[in-house]
Protein chains: 2
Amino acid sequence: MPARTGRPPKISRADIVTAAHRVIEEDGVASLTMRRLAREVGSTAMALYHHVRDKEELLLLLLDDYATGHARPAEEELPGEPRERVVAVATAMREALAGCPWIVDVLRADDLLSVGGLWYPEKIIDAALAAGLAMEDAVSAYRIIWHYTAGEIGARAAAAGRRAEGGSTYRERVFAELDAGAFPRLAEVGPRWAELTARDTYDRGLRALVAGLLP
Amino acid sequence: MPARTGRPPKISRADIVTAAHRVIEEDGVASLTMRRLAREVGSTAMALYHHVRDKEELLLLLLDDYATGHARPAEEELPGEPRERVVAVATAMREALAGCPWIVDVLRADDLLSVGGLWYPEKIIDAALAAGLAMEDAVSAYRIIWHYTAGEIGARAAAAGRRAEGGSTYRERVFAELDAGAFPRLAEVGPRWAELTARDTYDRGLRALVAGLLP
DNA sequence: ACCTGAACACCGTTCAAGT
DNA sequence: ACCTGAACACCGTTCAAGT
C-alpha cells in the first residue's frame with residue numbers, strides 16, 4: 001500500500017452526495033448549484049472540483065446513490081406469472097422515481113436508469129422473455145414501459161412544480177379562452193379538468209400496455 | 001381608434017418569435033438566450049422585455065405559434081373507426097412534437113399542449129367517447145397516451161442531444177461495468193442495445209395502449 | 001411608447017497560488 | 001494532495017435615463 005501523502009482531505013465524495021441530496025430535498029434540483037453545495041459542506045465551490053469532474057458527474061453520482069439506496073421489492077415476493085411480474089416491477093420503478101422526479105430530467109437519456117437502477121430493466125426484460133417474447137420484443141416492451149413511466153413522472157413533476165410556485169394560470173387561461181364551438185369536448189370537461197388530472201392513472205395505462213405487449 | 005402616439009416600434013412580437021424559431025432550429029433551445037435573441041433581431045436584450053413579460057412568456061408564445069402553424073391531418077381523412085382514429089391522431093401529435101422536442105420540456109405541465117395544440121386532445125377524447133367510454137375514462141385515456149407520447153419524445157430528444165455532443169459514454173460505461181451474474185439479460189443484450197434502442201417502437205406501444213384502453 | 005446602457009445577483013468552470 | 005481567491009464568460013432581469 002503506497003504511503004498517503006499530502007494534505008488530508010476535508011471533504012469526501014460521500015459528504016458531497018449527502019449534502020446534494022439534502023439540498024434537493026429541501027429546495028429542489030434548481031437550487032443545487034456548486035456554490036450552494038459548497039456552502040452546505042462547509043467549503044468552496046472550487047474544492048468540489050477536486051472530487052467530481054463537473055456537475056454532470058455529480059448528478060450521475062447522485063442518481064446512482066439514490067437508485068442503489070432505494071428499497072426494491074424482494075425477489076421472492078414478485079408474482080410468478082410473467083405479466084403480473086412486469087406490472088409489479090414497473091410499479092416499483094415508478095414508485096422509486098416518484099420520490100425524486102428530477103431524476104427523469106437528468107437521465108431520460110438512452111432508456112436506461114443508472115448503474116444502481118439496472119435491476120428494473122433486468123427484471124422487466126426477464127419477465128417479458130418468460131412470457132414468451134423474443135429478445136428484441138422484450139427489449140422494446142421494456143422501452144415502451146419506460147417511456148410511459150418517464151412521461152408520467154415528468155408530467156407529475158411539472159404539475160407539482162407549477163403548484164408549488166403559484167396557481168397554474170396557464171391552464172386556466174387555456175380553458176377561459178377556449179372556443180366551445182371548435183373544441184366541444186374540452187369545453188365540456190373544462191370545469192372538471194383539474195379534478196380529473198389529479199387522479200392517478202398510472203396503473204390503468206400500465207396494465208393496458210402489459211396486456212397489449214405480452215402474449 | 002385612438003391616435004397612436006410615441007416612438008414607433010422597431011421590433012414586433014412576431015419578429016421576436018420568428019427569430020427565436022431560427023435560433024432554436026440552428027443551435028437548439030439551450031442557445032436561446034435573451035441576449036442572443038436580441039442580437040438576432042438587431043436590438044438589445046432589454047428591448048425584448050417591452051414585448052414579452054419574461055422568458056417563460058416567450059416560450060409559451062413560441063409553443064403556440066408552432067402548434068398553430070403545424071399541419072394537422074384533414075378532418076375528413078381521419079379513420080371513422082374510433083380506435084383507428086385515436087391511433088391516427090396520436091401519431092400525428094407525436095410527429096408534430098418530434099419536429100421540436102424541446103416543446104416537451106417547456107410544456108410537459110398539466111397534460112396539455114398549448115392553445116394552438118388543443119386539437120389533439122379534443123380529437124382523442126372525442127374518439128374515445130365514440131368508442132363508448134365515459135367522459136372520465138376518455139380523459140384518462142388521453143392523459144395516458146399523452147404521458148406515453150411525451151416520454152417517448154423526451155427520450156428521443158435526450159438521445160439525440162447525447163449523440164450530438166459526442167459519444168454516449170455513460171451507457172457504454174454501464175454495459176462495460178455490468179455484472180453478468182446479477183444482470184444476465186442485460187449482459188446478453190448489451191452488444192445489441194444501441195441497435196435495438198435505435199428502433200422506432202412508438203406505434204407498437206400506442207396500439208397496445210389503444211387496444212387496452214378503448215372497449 | 002419604445003429603446004438603451006449600466007448594473008444586480010446569479011451561474012459553471014479555469015487557473016495560479018497557497019498549505 | 002487538497003484547498004483557496006480571483007477571474008472569465010456567461011445568465012435573466014431591473015432601473016433610470018434617453019429619444
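Since the structure is predicted, the reported quantities are computational estimates derived from the model, not experimental observations. Lettering follows sequence order; numbering is per chain, from 1.
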key: Closest heavy-atom pair and its distance - B:I16, B:V41   = CA-CG1, 4.2 Å
request  = Can you tell me the distance, in whole Å, between the CZ atom of B:R35 and the P atom of C:dA6?
outcome  = 13 Å
Phosphate-side-chain proximity, B:T44 and C:dG5, N/O vs OP1/OP2 below 4.0 Å = no
ask   = Given the C1' atoms of C:dA1 and D:dA17, what is the spacing between them in whole Å?
value = 15 Å
message = Check this one for me: any side-chain N or O of A:H50 less than 4.0 Å away from OP1 or OP2 of D:dT4?
response = no
key: Phosphate OP1/OP2 of C:dC3 contacted by B:H51 side-chain N/O (<4.0 Å)   = yes
Length of the CG-C1' vector between A:L59 and C:dG12, whole Å = 12 Å
inquiry  = Classify the ring geometry of A:W102 against A:Y66: parallel below 30°, tilted from 30° to 60°, perpendicular beyond 60°.
reply    = perpendicular
task = Return the value, rounded to whole Å, for the distance between atom OH of B:Y49 and atom P of C:dC2.
result = 18 Å
query = Which listed nucleotide (C:dT13, C:dT4, D:dC3) is nearest to the side chain of A:D54?
reply = C:dT13
task = Provide the closest heavy-atom pair for A:L186 versus A:F175 in the form atom of the first, atom of the second, distance.
result = O-CE2, 3.8 Å
Length of the CG-C1' vector between B:L48 and C:dG5, whole Å = 15 Å
inquiry  = Assuming nearest nucleotide by heavy-atom distance, tell me which of A:R36 and A:R53 is located more 5' along DNA chain C.
reply    = A:R36
key: Over all atoms of both residues, closest heavy-atom pair of B:K55 and B:T33   = NZ-CA, 4.3 Å
inquiry  = Rounding to an integer number of Å, can you tell me how far A:L58 CG sits from C:dT13 P?
reply    = 10 Å
query = So does A:T33 get a side-chain nitrogen or oxygen closer than 4.0 Å to the phosphate oxygens (OP1/OP2) of C:dC11?
reply = yes
inquiry  = Is there a side-chain contact between B:K55 and the phosphate of D:dG12, meaning an N or O under 4.0 Å from OP1 or OP2?
reply    = yes
inquiry  = Nearest whole Å is fine: how far is C:dC3 C1' from B:I16 CD1?
reply    = 12 Å
ask   = For the pair made of CE in B:M34 and C1' in C:dC10, what is the distance, rounded to whole Å?
value = 16 Å
remark   = Rounded to whole Å, CG of B:L32 lies from P of D:dC11 at a distance of 10 Å
Atom pair CG/CD1 of B:L213 and B:I145 - distance to nearest 0.5 Å = 6.0 Å
message = At less than 4.0 Å, is any side-chain N or O atom of B:K10 found next to OP1 or OP2 of C:dT4? Yes or no.
response = yes
task = Check A:E122 against B:P184 and note the closest heavy-atom contact, atom names and distance.
result = OE2-CD, 3.0 Å
request  = Heavy atoms only: give me the nearest B:E136-A:L196 pair and the separation to one decimal.
outcome  = CG-CD2, 4.0 Å
key: Minimum-distance nucleotide (side-chain atoms of B:M46 versus D:dA6, D:dC3, D:dC15)   = D:dC15
task = Dot-bracket for DNA chain C, please, read 5' to 3', with Watson-Crick or G-U wobble pairs under 3.5 Å on both distances, ( ) within the strand, [ ] crossing, | other strand, . unpaired.
result = ||.|||||...|||||.||
ask   = Among side-chain atoms of B:R204 and A:S140, is any donor-acceptor pair under 3.5 angstrom?
value = yes
